[in-house]
Amino acid sequence: MSEQFDAKALIDDLGTRARAAAAELAFAPAAAKEAALTAAAEAVWARRVEIMAANGEDLAYGANKGLSPAMMDRLALDEGRIKAIVEGLRAVAAQPDPVGQVISEWDRPTGLHIQRVRTPLGVIGVIYESRPNVTADAGALCLKAGNAVILRGGSESFHSSRAIHACMVEGLRAAGLPEAAIQLVPTRERAAVAEMLRAVAHIDVIVPRGGKGLVGLVQAEARVPVF
């Protein structure tokens with residue numbers, strides 16, 4: 001079995017589960033999403049030693065790759081930065097639920113009353129670089145908006161992102177929401193990124209978060225719509 005075939009099978013599996021989760025999330029109560037994010041914040045803080053240990057593996061990997069001091073700083077997590085992740089999760093949890101909000105409304109001469117209402121997009125793919133806190137930020141924002149998300153972090157932050165993602169899943173589980181609502185691509189292989197960009201059957205929109213190189217690559221190669 002080729003590497004490319006493996007990557008396609010992986011993204012197909014993640015996408016199928018994300019689509020099922022998105023169908024459930026679209027009708028999830030605001031209180032359940034708030035509870036999931038609050039529980040995730042508690043899990044991140046409770047597991048901060050584990051997260052910093054995972055981050056140590058990533059820092060060693062980055063040093064071996066010869067990352068610049070600036071890149072190493074972006075990658076590094078300490079207790080202060082983990083506290084900021086916790087505070088970010090709590091802040092998103094406390095925001096008003098956007099799903100169902102009426103953006104605008106008007107009446108037609110025929111007597112028809114029209115409303116423009118916020119609804120979830122469905123499944124979002126987020127591709128980002130070395131900052132592991134994006135795992136929590138992107139997962140939280142997508143969940144709050146009623147979307148399932150497939151996260152693909154940078155290879156340098158692989159272990160840190162996995163540790164943070166485990167806390168997000170713990171929050172979903174505690175709130176009774178589908179664990180597939182927030183998924184992390186479990187490989188460093190670049191073939192997985194290529195398959196995400198082609199996964200029009202599974203992903204509704206791709207959001208790249210990083211430098212010009214990443215954004216340009218995504219815009220050039222994606223078949224999925226890009227924000």
Side-chain angles (χ1 to χ4, degrees), residues 3 6-7 10-11 13-14 18 37 39-92 124-143 149-173 179-197 206-218:
E3 180 181 294
D6 283 343
L10 172 64
I11 298 304
D13 178 60
L14 295 177
L37 294 174
E42 292 169 354
V44 168
W45 188 245
R47 296 165 70 166
R48 61 190 181 279
V49 173
E50 177 185 332
I51 293 170
M52 285 188 286
N55 185 245
E57 294 184 63
D58 289 334
L59 289 171
Y61 178 84
N64 287 336
K65 280 188 67 175
L67 293 185
S68 68
M71 288 291 289
M72 290 291 284
D73 180 64
R74 289 178 196 168
L75 179 59
L77 290 175
D78 55 20
E79 194 161 289
R81 288 183 174 182
I82 292 175
K83 186 177 182 182
I85 291 172
V86 171
E87 290 171 351
L89 287 169
R90 292 190 184 280
V92 175
I124 297 177
V126 182
I127 300 173
Y128 51 102
E129 293 181 326
S130 59
R131 293 184 189 271
N133 62 291
V134 179
T135 303
D137 294 346
L141 290 170
C142 289
L143 178 66
V149 62
I150 299 173
L151 302 166
R152 205 290 185 175
S155 60
E156 297 87 357
S157 62
F158 183 71
H159 294 290
S160 307
S161 294
R162 288 183 70 179
I164 294 169
H165 173 253
C167 297
M168 303 298 289
V169 173
E170 188 174 325
L172 292 166
R173 191 183 305 122
E179 294 180 22
I182 302 173
Q183 297 182 87
L184 182 71
V185 176
T187 178
R188 285 188 168 115
E189 295 295 335
R190 286 186 171 272
V193 175
E195 290 301 334
M196 282 182 70
L197 298 179
I206 292 281
V207 180
R209 179 165 171 179
K212 289 182 179 178
L214 172 66
V215 174
L217 170 73
V218 170

Taking side chain as C-beta onward, heavy atoms only, is Arg152 less than 4.5 Å from Gln183?
no
Can you tell me how far apart CG (Asn55) and CZ (Arg48) are? Round to the nearest 0.5 Å.
15.0 Å
Residues Leu184 and Gly153: closest non-hydrogen pair is CD1-N, 4.5 Å
Could you list the donor-acceptor pairs under 3.5 angstrom formed by side chains in residues 162-172, with sequence neighbours left out?
residue : atom : partner : partner atom : Å
His165  : NE2  : Ile182  : O            : 2.8
Glu170  : OE1  : Arg47   : NH1          : 2.6

Residue among Ser157, Ser160, Ser161 satisfying side chain to side chain donor-acceptor pair (under 3.5 Å) with Thr135:
Ser161
In the structure I gave you, are the side-chain heavy atoms of Asp6 and Thr187 within less than 4.5 Å of one another anywhere?
no
Value rounded to 0.5 Å, distance of CG in Leu89 from CG in Leu141
9.5 Å
Candidate pair Leu10 and Glu195, rule side-chain contact (heavy atoms from CB on, under 4.5 Å), full reasoning
CA-CA 9 Å; Leu10 172 64; Glu195 290 301 334; over 6 Å; no
Shortest non-hydrogen contact between Val218 and Pro208, atoms and distance:
CG2-CB, 3.9 Å
Can you measure from CG (Leu77) to CG (Asn133) and round to the nearest 0.5 angstrom?
7.5 Å
On a heavy-atom basis, the closest approach of Met52 and Glu79 is SD-N, 3.7 Å
Which residues share a side chain to side chain donor-acceptor pair (under 3.5 Å) with Tyr61, sequence neighbours left out:
none
Can you check side-chain contact (heavy atoms from CB on, under 4.5 Å) on Leu143 and Val149, steps first, answer last?
CA-CA 8 Å; Leu143 178 66; Val149 62; over 6 Å; no
Could you give the side-chain donor-acceptor pairs of residues 66-76 under 3.5 Å, partners two or more places apart or in another chain?
residue : atom : partner : partner atom : Å
Ser68   : OG   : Met71   : N            : 3.1
Asp73   : OD1  : Arg81   : NH2          : 3.1
Asp73   : OD2  : Arg81   : NH2          : 3.3

Has Lys65 got more than 12 heavy atoms of other residues, nucleotides or ligands less than 6.0 Å from its NZ?
yes
Side chains of Leu217 and Ile127 in contact at under 4.5 Å (non-hydrogen atoms):
no
All heavy atoms of Glu129 vs all of Gly211, minimum pair found to be OE1-N, 3.1 Å
Rounded to the nearest 0.5 Å, how far does CG of Asp58 lie from CD of Glu156?
8.5 Å
Looking at every non-hydrogen atom in both residues, tell me the closest pair between Ile82 and Trp45 and how far apart they are.
CG2-CE3, 4.2 Å
Can you name the one residue among Ile124, Val126, Val185, Leu14 that meets side chain to side chain contact (heavy atoms under 4.5 Å, CB included) with Leu151?
Val126
